[in-house]
Amino acid sequence: MSRTSLALRITVVCLAIAAVAVVVAGLVAARLIRTTGTDVLRQSLAAQADVVASQLDETGIGNRLGVGKVAEVVRGQGIDVVVRRPNGTLDGAGTAAAIAASKAGLTRTGSDTVFVEGRQYLVEVRTVGAKGAAFALVQSTQIGEARGRILVRNTVLALGAGLAVAAIAGLVLSRMLSRPLRRAASVANGMRSGRRDLRVPVEGPSEVADVAKSVNELADALQYSEARQREFLLSVSHELRTPLTAVTGFAEAIGDGVAEGEDARRAGRTIHREAERLERLVSDLLELARLGADEFRLDPARLDLAALVDECADVWRLRCARQDVTLLVERPPGEVPVIADPRRLRQVVDGLAENALRVTPAGAPIVFSLVAADGQARLAVRDGGPGLAPEDYPVAFERGVLNKRYRDSRPVGSGIGLALAHGLVTRMGGTLTAGPAPEGGAAFTVAFRLG
C-alpha cells in the first residue's frame with residue numbers, strides 16, 4: 001500500500017494552517033475595515049458639520065448655505081447639504097438627501113444613520129440660532145464601502161502572498177526535516193541487506209537526532225551480536241569436531257577390522273561416550289534455542305529447596321568419590337520453600353555440579369551451600385578448582401566466552417551450559433551470579449524469593 005511522504009504531509013499541514021489563518025484574518029479584517037471605514041466617514045462628516053456651523057449665523061444661513069463657498073466645498077466632497085429655514089421649509093425637498101435628513105430630524109444637533117430606498121446614509125444635524133434654523137450634512141456610505149472594498153482587496157492580496165510564503169516555507173521545512181529520516185531509512189535498508197558499516201549522521205531536531213542515534217545503536221548491537229554468534233559457532237564447531245573425530249576414527253578402526261577383541265570393546269565404549277557428549281551438546285543447543293522462544297514451557301510449583309539439595313547430594317556424592325573429590329553440604333534445618341520448576345532447577349544444579357567436578361582436582365572439595373535469609377533462599381555450588389580470573393566473572397554466562405578462554409588450559413564443557421543455566425533461572429524468576437569461592441575456586445549462586 002502506497003503511503004504519502006512526510007514532506008508532503010508537512011507541506012499540506014502548513015498550507016492548511018496558513019489557509020485557516022488567512023481565512024480567519026480575512027474575515028476579521030473585512031469586518032474591521034467595514035466598521036472602521038464607516039466610523040472614519042462619520043467622524044469626518046461630523047468635523048465638517050462643526051466647521052460649517054462655526055461659520056454660520058441665524059441671519060445668513062439661507063444665502064451662505066445656498067450659494068456660499070463653504071457649501072460648495074462640502075458638496076464637492078460628495079456631501080449633500082439640506083437646509084431647514086426658520087419658516088420650516090427645506091431646500092432640496094424630495095431628494096434622497098432631504099428624505100434622509102427628514103428621517104433624522106432637523107430639530108436638534110446630533111448624528112444619525114438612516115436608510116432610504118435600501119441605501120445607507122450618514123446624517124449630521126446642526127441647529128443655528130434660536131429661530132429653528134438648521135442644516136444637515138448627508139453622505140452616502142457607498143463612498144466608504146468603495147474604499148473598504150479596495151482595502152479588503154489589498155488585504156486579500158497580502159494574505160494570499162502570505163499563503164504562498166507559507167507554502168514555500170512548509171516545503172523547505174518538510175525537506176529539512178525529512179532528509180535525516182530518509183538517510184535513516186537508507187541506512188536501515190542497507191542493514192537489511194547485510195551491511196553493518198553504515199551509520200546515520202546525528203543531526204536535525206532532537207527527535208530526529210534520537211531516531212538517527214537509535215538506528216546507529218541498533219547497527220552497533222547487530223554488529224556485536226553477529227560477531228558473538230560467529231564466535232559461538234566457531235566454539236561449538238570446535239566442540240563438535242573433537243567427539244566426531246573420535247567417533248569416526250574408532251568406527252573406521254572397527255569397520256576395517258583393525259580393532260578386535262578388547263580393542264573393539266574399548267573403541268565401542270569410546271564411541272558411546274563421545275556420542276553421549278554429542279547428545280548433551282545438541283540438547284543444550286536445543287534448550288538454549290527454545291529458551292528464547294515464547295513456547296518454552298515452565299511448570300513452576302512450590303518446592304522444598306533443602307530437599308532438592310539433599311537429592312542432588314545423594315547423586316553427586318558418589319560421582320565425586322570416584323574422582324577423590326569431597327562433596328560437602330551446608331544447609332539449614334527444616335524446609336526452605338521456593339516457587340520454581342523442579343525439573344528445570346534440578347537441571348541447573350546438576351549442570352553447575354558437573355562444571356565444578358570437571359575442574360576440581362583430587363583432594364579438593366565441592367560444596368552445596370544453602371542459606372535462607374532476608375526473604376531469599378541462596379543455593380551456592382562452590383568448588384576448590386583453579387577458579388576464574390576476576391574479569392571473567394561478569395561474562396561467565398555469555399555463550400562460549402569461558403570455553404574460548406580456558407579450553408587450552410583446563411577441561412571445559414560445551415560453552416553453553418552456563419548460558420543455559422542463567423536463562424533457565426532468569427525465566428523462573430530467580431538470579432544466577434558468579435564469584436570467587438572460599439575454597440579457592442568459583443562459586444555460582446542461585447537465588448529465589450522464599451515461597
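When reading the values below, keep in mind they use all heavy atoms of this one structure, side chains included, and skip hydrogens, waters and symmetry mates.
In terms of modelled atom types and a separation under 3.5 Å, the side chain of N216 and the main chain of V200 share a donor-acceptor contact. In terms of modelled atom types and a separation under 3.5 Å, the side chain of N189 and the main chain of A185 share a donor-acceptor contact.
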Pair E398-V395, side chain to side chain contact (heavy atoms under 4.5 Å, CB included): steps then yes or no: CA-CA 5 Å; E398 296 183 12; V395 296; 3.7 Å; yes

From CA spacing to verdict: side chain to side chain contact (heavy atoms under 4.5 Å, CB included), V336, D304: CA-CA 5 Å; V336 180; D304 181 8; 4.3 Å; yes

Stepwise side chain to side chain contact (heavy atoms under 4.5 Å, CB included) check, C320 with L357: CA-CA 7 Å; C320 290; L357 184 58; 4.1 Å; yes

Evaluation steps, side chain to side chain contact (heavy atoms under 4.5 Å, CB included), between V446 and V348: CA-CA 9 Å; V446 179; V348 170; 4.2 Å; yes

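Using a cutoff of 4.0 Å between basic side-chain nitrogens and carboxylate oxygens, D50 and R126 are scored as salt-bridged. Electrostatic pairing of D310 and R331 counts as a salt bridge here, judged by a charged N lying under 4.0 Å from a carboxylate O. Salt bridge E330/R382: present, at least one basic N to carboxylate O contact under 4.0 Å. The pair D341-R427 fails the salt-bridge criterion, with no side-chain N (NZ, NE, NH1 or NH2) lying under 4.0 Å from an Asp/Glu carboxylate O.
Taking the side chain as every heavy atom from C-beta outward, V123 and S111 never approach each other to under 4.5 Å. Residues R195 and L198 have side chains in contact (heavy-atom distance under 4.5 Å, counting atoms from C-beta outward). The shortest side-chain heavy-atom distance between F448 and L345 falls under the 4.5 Å cut-off. The closest side-chain heavy-atom distance from T426 to T431 is not below 4.5 Å. For the pair R317 and V329, the minimum side-chain heavy-atom distance is below 4.5 Å. Counting heavy atoms from C-beta on, the side chains of V359 and Y406 never come closer than 4.5 Å. The side-chain heavy atoms of F368 and L328, taken from C-beta on, include no pair separated by under 4.5 Å. Two residues are said to be in side-chain contact when any heavy atoms from C-beta on lie closer than 4.5 Å; L418 and L402 meet this criterion.
Within the model, atoms CZ of R192 and CG of L222 stand 13.5 Å from one another, a figure rounded to the nearest 0.5 Å. Note that the CG atom of L379 and the SG atom of C312 stand 8.0 Å from one another [nearest 0.5 Å]. We find the CD-CG distance between Q139 and L45 to be 5.5 Å, quoted to the nearest 0.5 Å. Rounding to the nearest 0.5 angstrom, the gap separating the CD atom in E354 from the CZ atom in R319 is 5.5 Å. Separation of atoms CZ (R42) and CG (L122) is listed at 4.5 Å; rounding is to 0.5 Å. Rounded to the nearest 0.5 angstrom, L370 CG and L308 CG are separated by 9.5 Å.
At most 12 heavy atoms of other shown residues, nucleotides or ligands fall within 6.0 angstrom of atom CZ in R449.
Taking each heavy atom of Q48 and L137 in turn, the nearest pair found is C-CD1, 3.8 Å. Between R199 and A219, the shortest heavy-atom contact is NH1-CB, 3.3 Å. Among all heavy-atom pairs drawn from L305 and A377, the shortest one is CD2-CB, 4.0 Å. Contact record, P201 with R183: CG-NH1, 4.2 Å, taken as the closest heavy-atom pair. Contact between A251 and I271 at its shortest, heavy atoms only, is N-CD1, 3.6 Å. Here the closest non-hydrogen pair linking G334 and A306 is O-CB, 3.7 Å.
Between W316 and the choices V325, I366, L327, the side chain to side chain contact (heavy atoms under 4.5 Å, CB included) rule is met once, by L327.
No side-chain donor-acceptor contact under 3.5 Å links D112 and Y121.
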